[in-house]
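The analysis underlying the following values was restricted to heavy atoms, covering all of them including side chains, and did not include hydrogens, waters or symmetry mates.
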Amino acid sequence: MFKEYDVIVVGAGHAGCEAAAAAANMGSSTLLVTMNMQTIAQMSCNPAMGGIAKGQIVREIDALGGYSGIVTDLSTIQFRMLNRSKGPAMWSPRAQNDRMLFHLKWREMLENTTNLDFYQDMVVGLLIKGSVCYGVRTGLGHEIKAKSVVLTNGTFLNGIVHIGEKNFGGGRMAEKAATGITEQLVNHGFESDRLKTGTPPRIDGRSLDYTKMEEQPGDELVTGFSYTETPKPTKQRSCWIAYTNNDVHEKLKSGFDRSPMFAGRIDGVGPRYCPSIEDKINRFAERDRHQLFIEPEGWNTVEIYVNGFSTSLPEEVQYDALRKINGFENVKMFRPGYAIEYDFFPPTQLNYSLETKLLKNLFFAGQINGTTGYEEAACQGLMAGINAHRSAKNLEPVILKRSEAYIGVLIDDLISKGTQEPYRMFTSRAEFRTLLRQDNADLRLTDISFAWGLATRDRTEKVQTKKEEIEKIKKILFSLSLEPQEVNGWLQQKNSAPITEKQKAQKILLRPDVSLEEFATSIQKVGDALFSFTKESIGQASIQIKYEVYIEKEKELVQRMAQLEELEIPESFDYLKLSSLGNEAREKLIRVRPRTLGQASRISGINPSDVQILMVYMGR
């Protein structure tokens with residue numbers, strides 16, 4: 001039934017979809033194997049994409065030629081740019097999505113991708129010879145060969161669903177768990193562990209009283225995620241804000257004795273930054289309320305997602321507690337919240353390409369690596385798909401640096417530091433976040449992706465045109481002189497100090513209370529000079545001018561840090577001969593086997609003195 005493929009991708013969640021699309025678009029014959037074709041790109045938890053730092057990742061995926069940004073824009077029901085009150089490095093796009101439309105658009109795009117085949121079956125094992133993976137074995141008994149295999153199993157590896165005192169096998173509610181793979185990999189020397197995640201109850205929006213909640217509309221300006229000409233929504237749906245109270249907390253506490261988390265029935269560690277509601281009221285007992293976001297699931301459904309109310313308490317406790325929230329007095333529950341526990345493989349067992357160290361041609365991406373979130377999974381899938389293709393074609397792997405992308409930060413964190421809890425991306429994890437903004441992802445990454453063979457020529461030419469426009473705008477603003485009488489009236493309206501002599505437009509733009517868009521709208525000479533340029537290019541030029549000093553300082557820091565990144569450690573380096581290293585440092589260096597001194601310096605437990613010792617032994 002099956003030919004030998006270049007790449008097989010196991011699992012069709014966010015990581016698997018991006019991996020399959022990337023490998024196929026780069027020219028590899030690709031097979032996407034999923035347990036259920038009807039749940040491709042399922043939004044297992046909240047129906048939203050983006051958010052703090054996650055929005056930057058989605059824009060990076062789009063700039064590299066992935067599909068997540070396009071699908072998000074096509075299924076958006078509400079858009080907001082978060083952190084607008086802060087500097088541009090902190091701005092993060094977030095979209096509320098139509099859950100069903102998101103899945104359908106993803107499937108449509110995949111089905112229209114050349115070189116990509118599909119098969120519905122469970123993968124129960126890998127085909128392995130020596131230290132090489134060469135295919136998969138399915139539940140129906142098929143052995144399908146491939147030059148590269150990408151595992152993106154999400155929460156399905158030996159997954160167990162917990163609701164109160166009940167538990168049963170499953171990768172998601174009403175979907176069976178995947179078995180066989182963990183046991184086989186452990187037998188080949190891999191280390192595995194358990195993690196936990198959870199989801200809130202889904203409720204009937206017709207049973208809520210929205211007059212008792214705060215409305216949260218979307219932004220008037222919808223910039224979206226994709227740099228392509230993908231249509232943006234012309235209308236939006238509001239979300240709503242509600243709050244728990246002491247009565248809610250007391251009702252939840254009444255079920256703690258039946259909580260799988262508190263009773264010790266869950267061994268896996270849960271996400272620190274997305275705790276269950278019972279965990280929140282237990283850890284933050286001094287708070288008398290917690291914020292909840294009431295999020296619609298789509299355009300044409302009454303189903304509601306209660307963001308902030310993740311729980312695995314018994315159903316009746318969940319229901320009684322919900323009814324004590326203002327506006328929820330008559331609530332009807334579609335299905336209860338639940339926790340899910342699953343296997344993952346500590347990511348220190350991977351190379352930077354996301355290929356495993358123990359088995360050649362085998363790649364891991366997504367929650368199998370200990371991450372949480374659609375966006376973190378999708379970007380790993382993209383990079384694993386790219387490198388699985390390159391491995392199949394006998395090409396060297398490609399790697400994004402920490403200074404090039406949030407994706408580079410995420411992968412470096414996972415491989416250098418590992419994780420004992422579900423990893424979530426934040427802007428604070430990126431030391432170069434002034435350079436890694438959501439607005440410039442295309443300028444940073446599209447040329448790189450084109451060189452790899454993924455981003456199209458059209459995309460690359462569009463970015464080149466944009467770069468040229470930005471430089472022209474900056475040149476105009478640095479040369480355009482403005483007389484006091486041309487701008488002082490407007491500056492006075494803004495309570496900004498008047499100018500006393502002729503001044504360049506660029507210097508006035510440096511004022512914190514002056515935006516280039518408003519500048520061009522209010523001052524005719526500026527508006528006339530910028531008339532022919534796109535809004536996007538004008539915005540980018542404004543940021544580059546306003547934050548030039550900070551951007552240049554960060555670039556200098558990148559150059560200084562690059563010296564360590566360029567000092568490669570030979571794979572055969574013998575750490576046992578370094579008697580001056582402490583036992584902890586030696587053990588961690590042997591386990592991780594860092595590729596460069598820069599990576600070695602970021603391993604948890606490695607001190608600057610350890611790095612200096614390495615430099616001495618390497619003759620530096």
Side-chain angles (χ1 to χ4, degrees), residues 128-133 148 184-193 344-364 368-370 380 383-384 387 390-391 394-404 408-421 423 429 431-432 557-620:
I128 298 169
K129 186 173 183 179
S131 60
V132 177
C133 176
S148 296
Q184 184 186 18
L185 289 174
V186 169
N187 286 336
H188 274 82
F190 283 83
E191 175 192 348
S192 74
D193 209 337
F344 86 107
F345 292 84
T348 50
Q349 301 171 97
L350 300 175
N351 295 310
Y352 269 85
S353 62
L354 299 181
E355 184 180 28
T356 66
K357 293 176 180 176
L358 290 176
L359 289 176
K360 186 171 173 53
N361 303 337
L362 178 64
F363 296 78
F364 290 172
I368 193 172
N369 290 335
Q380 290 174 72
M383 295 308 298
N387 282 318
R390 294 182 70 86
S391 175
N394 296 314
L395 299 170
E396 288 296 310
V398 291
I399 296 160
L400 288 172
K401 301 173 186 173
R402 294 182 71 92
S403 57
E404 290 177 324
V409 173
L410 182 146
I411 293 174
D412 182 71
D413 278 354
L414 291 175
I415 289 164
S416 298
K417 302 173 184 176
T419 187
Q420 282 78 49
E421 61 188 45
Y423 176 99
R429 296 193 191 273
E431 61 270 42
F432 306 120
L557 181 59
V558 169
Q559 289 173 353
R560 289 203 300 272
M561 295 293 289
Q563 295 173 8
L564 279 181
E565 300 299 336
E566 290 168 5
L567 292 177
E568 293 192 4
I569 303 173
E571 277 190 40
S572 58
F573 193 86
D574 185 5
Y575 295 101
L576 292 174
K577 71 182 181 183
L578 304 188
S579 56
S580 47
L581 278 179
N583 287 333
E584 180 188 4
R586 189 181 297 107
E587 287 171 9
K588 289 185 174 179
L589 288 166
I590 290 171
R591 188 178 77 247
V592 176
R593 300 212 70 86
R595 196 172 54 88
T596 66
L597 278 174
Q599 183 192 356
S601 70
R602 292 187 294 276
I603 297 172
S604 177
I606 301 298
N607 301 315
S609 59
D610 298 323
V611 177
Q612 290 177 341
I613 291 167
L614 281 173
M615 292 174 75
V616 169
Y617 273 86
M618 289 172 63
R620 300 285 180 171

When rounded to the nearest 0.5 angstrom, what distance separates [atom1] in [X] from [atom2] in [Y]?
X: N369; Y: Y423; atom1: CG; atom2: OH; value: 12.0 Å
X: Q380; Y: I411; atom1: CD; atom2: CD1; value: 6.5 Å
X: M561; Y: Q559; atom1: CE; atom2: CD; value: 13.0 Å
X: K360; Y: I128; atom1: NZ; atom2: CD1; value: 14.5 Å
X: E191; Y: F344; atom1: CD; atom2: CZ; value: 8.0 Å

Could you tell me which non-hydrogen atom of [X] sits nearest to which non-hydrogen atom of [Y], and how far apart they are?
X: S192; Y: P346; result: CA-CD, 4.1 Å
X: I415; Y: L350; result: CG2-O, 3.6 Å
X: K357; Y: T348; result: NZ-O, 3.1 Å
X: V409; Y: R429; result: CG1-O, 3.6 Å
X: C133; Y: L362; result: CB-CB, 4.0 Å

- Can you list the steps and then say if L185 with L359 is a side chain to side chain contact (heavy atoms under 4.5 Å, CB included)? CA-CA 9 Å; L185 289 174; L359 289 176; 4.0 Å; yes
Throw together a table of side-chain donor-acceptor distances under 3.5 angstrom for residues 572-584, partners on residues two or more places apart or in other chains.
| residue | atom | partner | partner atom | Å |
| --- | --- | --- | --- | --- |
| D574 | OD1 | L576 | N | 3.0 |
| N583 | OD1 | R586 | NH1 | 3.1 |
| E584 | OE2 | K588 | NZ | 2.9 |

Under a 4.5 Å cut-off applied to non-hydrogen side-chain atoms, are [X] and [Y] in contact?
X: S601; Y: I606; result: no
X: I603; Y: L589; result: yes
X: K401; Y: V558; result: no

- Query: Residues in salt bridge (Lys or Arg N to Asp or Glu O under 4.0 Å) with K417, at least two apart?
  - Reply: D413
- Partner residues of F432 under the ring pair (Phe, Tyr, Trp, His ring centres under 6.0 Å) criterion, sequence neighbours left out: none
- Quick one: list whatever passes ring pair (Phe, Tyr, Trp, His ring centres under 6.0 Å) with F364, sequence neighbours left out. F190, F345
- Task: Please collect all salt bridge (charged side-chain N to carboxylate O under 4.0 Å, His left out) contacts where either partner lies in residues 593-613, sequence neighbours excluded, each pair once.
- Result: D412-R602, E565-R602
- Under the side-chain contact (heavy atoms from CB on, under 4.5 Å) rule, collect the residues that match up with S353, sequence neighbours excluded. N351, E355, F363, N387, P397
- Keeping the roles fixed (side chain from R402, backbone from G408), state whether a donor-acceptor pair exists under 3.5 Å. no
- Query: How far apart are the C-alpha atoms of V611 and L597, what are their side-chain angles, what is the distance that settles it, and do they pass the side chain to side chain contact (heavy atoms under 4.5 Å, CB included) test?
  - Reply: CA-CA 7 Å; V611 177; L597 278 174; 4.3 Å; yes
- Task: Walk me through it: do L358 and H188 pass the test side chain to side chain contact (heavy atoms under 4.5 Å, CB included)?
- Result: CA-CA 8 Å; L358 290 176; H188 274 82; 5.9 Å; no
- Task: Please step through side chain to side chain contact (heavy atoms under 4.5 Å, CB included) for the pair Q599 and S416, ending with a clear verdict.
- Result: CA-CA 6 Å; Q599 183 192 356; S416 298; 2.9 Å; yes
